[in-house]
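Down below is the structure, laid out as structure tokens.
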Amino acid sequence: MNPEYKDILLTHSDDIIRKWMDDLEDSKLRDYKSTISDEMIEQVNREFVNLIFSILKDGHSQKSIEQFSERIVNLGWPLGYLTEGMQSFRTICIKSLMEHLDEHDKDGFLQIMEDINHWVDPIKNELVDAYSSNWTSIISLQKVALQELSAPLIPVLDGVTIMPLVGTIDTDRAKLIMENLLDGVIKHRADVVLIDITGVPVVDTMVAHHIIQAAEAVRLIGATCILVGIRPEIAQTIVNLGIDLSKFPTKSSLKRGFEKALEITDRQIVSNGEEKKVIDDIIQSIDKE
Amino acid sequence: MKGALTTVPIIKELDIVGARQSGRNLARDLGFGSVDQARIATAISELARNIYLYAGSGEISFQEVQGASPVGLKIVASDHGPGIENVSKVMEDGYSTSGGLGAGLPGVKRLMDEFDIISDDNGTKIIVVKWLR
Amino acid sequence: MRIPILKLQNYLLVSVQIELDDQTAMQFQEDLLGKIHETGATGVVVDLTSVEIIDSFIAKVLGDVVSMAGLMGAKVVFTGIQPAVSMTLIDLGIHLKNVQTALDLEQGLIKLKQELEEK
Ligand SMILES: Nc1ncnc2c1ncn2[C@@H]1O[C@H](COP(=O)(O)OP(=O)(O)O)[C@@H](O)[C@H]1O
Ligand SMILES: [Mg+2]
């Protein structure tokens with residue numbers, strides 16, 4: 001930074017800080033602040049602006065920026081508040097320089113812009129980086145959490161298991177579903193797996209393709225797949241898209257699928273009073289889930 | 001350690017088995033799970049067999065690479081055979097000049113994450129990559 | 001390398017315990033057809049639990065052997081195909097449509113019995 005500019009900025013730092021705090025106070029940044037106490041905001045803003053000025057005075061300090069970024073990320077302040085704050089800080093600094101410089105021409109103005117940017121931008125970038133790396137780690141954590149939830153396999157009877165699918169199925173998830181499905185079939189020694197798609201909002205050609213592949217893979221390892229939970233609108237899309245699901249059994253409800261599974265595994269619901277009621281209850285409670 | 005891992009020459013039929021075993025071991029050492037190990041070994045088997053069947057001889061080389069994810073296994077299958085006349089044709093499922101299933105090359109593409117093929121009169125080079133997830 | 005083929009009543013039992021290279025697979029095709037001819041077996045169970053790789057060539061040999069055995073009046077069931085193998089076959093686009101499957105040897109035998117009795 002031009003030493004003359006630096007001098008002016010440091011001499012008038014109190015003025016700049018005051019103007020900046022005022023600007024933050026009555027700007028639309030208010031929206032962000034509803035949940036944070038005014039004292040807190042005042043304190044952090046002051047820390048922030050002190051940091052910026054100390055960088056101007058003593059040079060770039062990676063460490064102190066990192067510390068501040070970490071603090072602000074942990075506070076959970078919106079990134080937009082900070083970037084808009086930086087923007088207004090930039091404007092105030094430029095104005096202040098223009099006011100206090102004796103004379104300035106076009107080139108001088110460009111120089112001012114450049115010097116200010118050179119000072120402020122690295123700080124802003126550091127902040128944005130801190131935020132985005134925080135987001136990235138949150139996303140990857142959530143991905144892991146989602147994977148664990150993703151495709152549970154529930155054994156309900158000897159040889160019969162159910163895999164309820166909930167949510168959107170993309171290629172990565174389809175791979176995972178397939179792996180869980182096949183490992184589960186082996187582990188539970190399942191003759192029949194019911195894949196319940198009641199909770200899958202959209203079945204397009206891609207999703208159908210993944211489901212068909214999973215069913216084919218299940219067949220290869222020696223079990224049978226029944227696709228259940230086909231809602232009317234899904235039946236419509238499947239047929240309208242020309243998807244051929246005729247090669248493996250499909251049923252509208254888990255209940256019907258379960259009956260089919262009993263048939264395949266050569267079982268019957270016995271009808272001697274008590275016992276029948278118990279099994280009916282089981283089927284009904286499964287169906288509700 | 002990044003870079004070249006090993007090269008397996010494909011000259012006789014049993015080299016196909018050798019190549020896919022080397023590939024599977026490397027994949028395991030890099031941390032690939034058992035399903036991806038099987039995918040990688042199967043892809044190598046397809047590429048090695050094509051070299052043996054259609055080019056007579058060639059080689060399969062393995063490299064550890066970085067990119068889309070920190071660890072990837074890159075496999076290069078190269079030969080100086082007659083080359084593939086119609087590359088887009090052989091990428092269609094079911095196309096074979098030998099009465100095979102014709103599932104090889106399109107299958108390799110699906111088994112791996114990246115697939116590139118260069119083929120002319122001087123031979124064929126197929127480069128595939130599998131990324132560790 | 002040859003894969004042993006056992007006879008049990010009307011059935012042939014095969015458990016593939018070695019890595020299938022091309023030569024072994026072709027030899028197996030020949031041996032199995034010969035054995036069906038020799039014994040007049042009506043059912044065959046081929047257990048693939050120990051097989052770690054089935055590529056398109058081996059898949060073709062196995063699929064062909066089922067069709068050929070069928071022509072000779074013997075039904076074939078494959079058992080124990082590993083999840084990883086099943087997934088790679090699906091990726092290859094090979095569905096072995098004409099092939100019957102079961103979880104393991106025992107289930108395979110039950111399946112064969114059922115199917116042959118139904119006839
Ligand atoms: N390395 C190669 N050199 C020359 N031709 C090849 C090579 N690899 C594949 N091909 C050609 O591509 C065709 C398709 O190969 P592939 O998809 O592996 O099916 P398949 O081996 O069952 O025929 C082969 O039939 C062959 O004509
Ligand atoms: Mg091939």
Side-chain angles (χ1 to χ4, degrees), chain B residues 10 12-25 27-28 32-54 60 75 77 90-113 115 128 130, chain C residues 1-3 16-31 33 47-71 76 78-99 101 103:
Chain B
I10 306 295
K12 50 190 194 308
E13 198 175 283
L14 261 180
D15 293 335
I16 300 169
V17 176
R20 72 191 186 203
Q21 276 171 352
S22 308
R24 183 191 273 273
N25 290 340
R28 193 196 46 230
F32 284 95
S34 63
V35 179
D36 277 345
Q37 285 175 36
R39 289 196 172 101
I40 289 166
T42 309
I44 295 167
S45 194
E46 296 294 344
L47 296 173
R49 180 172 291 99
N50 282 356
I51 290 176
Y52 174 74
L53 281 182
Y54 308 120
I60 307 252
I75 300 159
V90 301
M91 293 314 294
E92 286 169 17
D93 275 302
Y95 178 82
S96 170
T97 58
S98 67
L101 292 176
L105 291 177
V108 169
K109 189 171 178 184
R110 285 188 291 264
L111 289 166
M112 305 296 285
D113 296 322
F115 182 99
V128 296
K130 188 85 186 165
Chain C
M1 280 277 216
R2 286 177 110 111
I3 298 167
V16 181
Q17 296 287 347
I18 50 169
E19 168 145 17
L20 281 173
D21 62 70
D22 301 11
Q23 205 53 53
T24 312
M26 295 301 289
Q27 185 67 52
F28 165 66
Q29 189 177 79
E30 215 171 298
D31 289 352
L33 296 177
D47 186 57
L48 299 168
T49 309
S50 312
V51 173
E52 292 185 333
I53 289 182
I54 298 182
D55 64 11
S56 70
F57 179 82
I58 305 290
K60 178 164 163 43
V61 175
L62 292 176
D64 287 350
V65 95
V66 174
S67 309
M68 294 164 182
L71 288 174
V76 183
F78 286 157
T79 62
I81 296 180
Q82 292 296 310
V85 171
S86 155
M87 278 182 261
T88 50
L89 284 173
I90 297 295
D91 277 348
L92 284 171
I94 295 170
H95 297 231
L96 293 174
K97 290 226 162 65
N98 64 334
V99 173
T101 55
L103 279 177

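Just so we're on the same page: letters track the sequence lines, and every chain starts at 1. This is a predicted model, so every value here is computed, not measured.
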*Engaged part of C:Gln82 at the chain B interface, taking heavy atoms whose separation is under 4.5 Å*: neither
_Given heavy-atom pairs under 4.5 angstrom as the criterion, report whether the side chain, backbone, both or neither of C:Leu89 touches chain B._
neither
*Given a strict heavy-atom distance threshold of 4.5 Å, which part of B:Leu101 is in contact with chain C: side chain, backbone, both, or neither?*
both
*What part of B:Ser34 gets closer than 4.5 Å to chain C, counting heavy atoms only: side chain, backbone, both or neither?*
backbone
*Ion pair B:Asp113/B:Arg39, N-O distance below 4.0 Å*: no
_Working to the nearest 0.5 angstrom, can you tell me the gap between C:His95 NE2 and C:Ser86 OG?_
10.0 Å
*Does a donor on one side chain sit under 3.5 Å from an acceptor on the other, for C:Thr88 and C:Asp91?*
no
*Test: B:Glu46 and B:Arg20 ion pair at under 4.0 Å*: no
_Can you confirm whether B:Thr97 sits close enough to B:Tyr54 that some side-chain heavy atom of one is under 4.5 Å from a side-chain heavy atom of the other?_
yes
*asked:* Quick check for you: among B:Val35, B:Val108, B:Thr42, B:Asp93, which has the greatest number of heavy-atom pairs under 4.5 Å with chain C?
replied: B:Thr42
_Under 4.5 Å from any heavy atom of chain C - which part of B:Gln37_ = neither
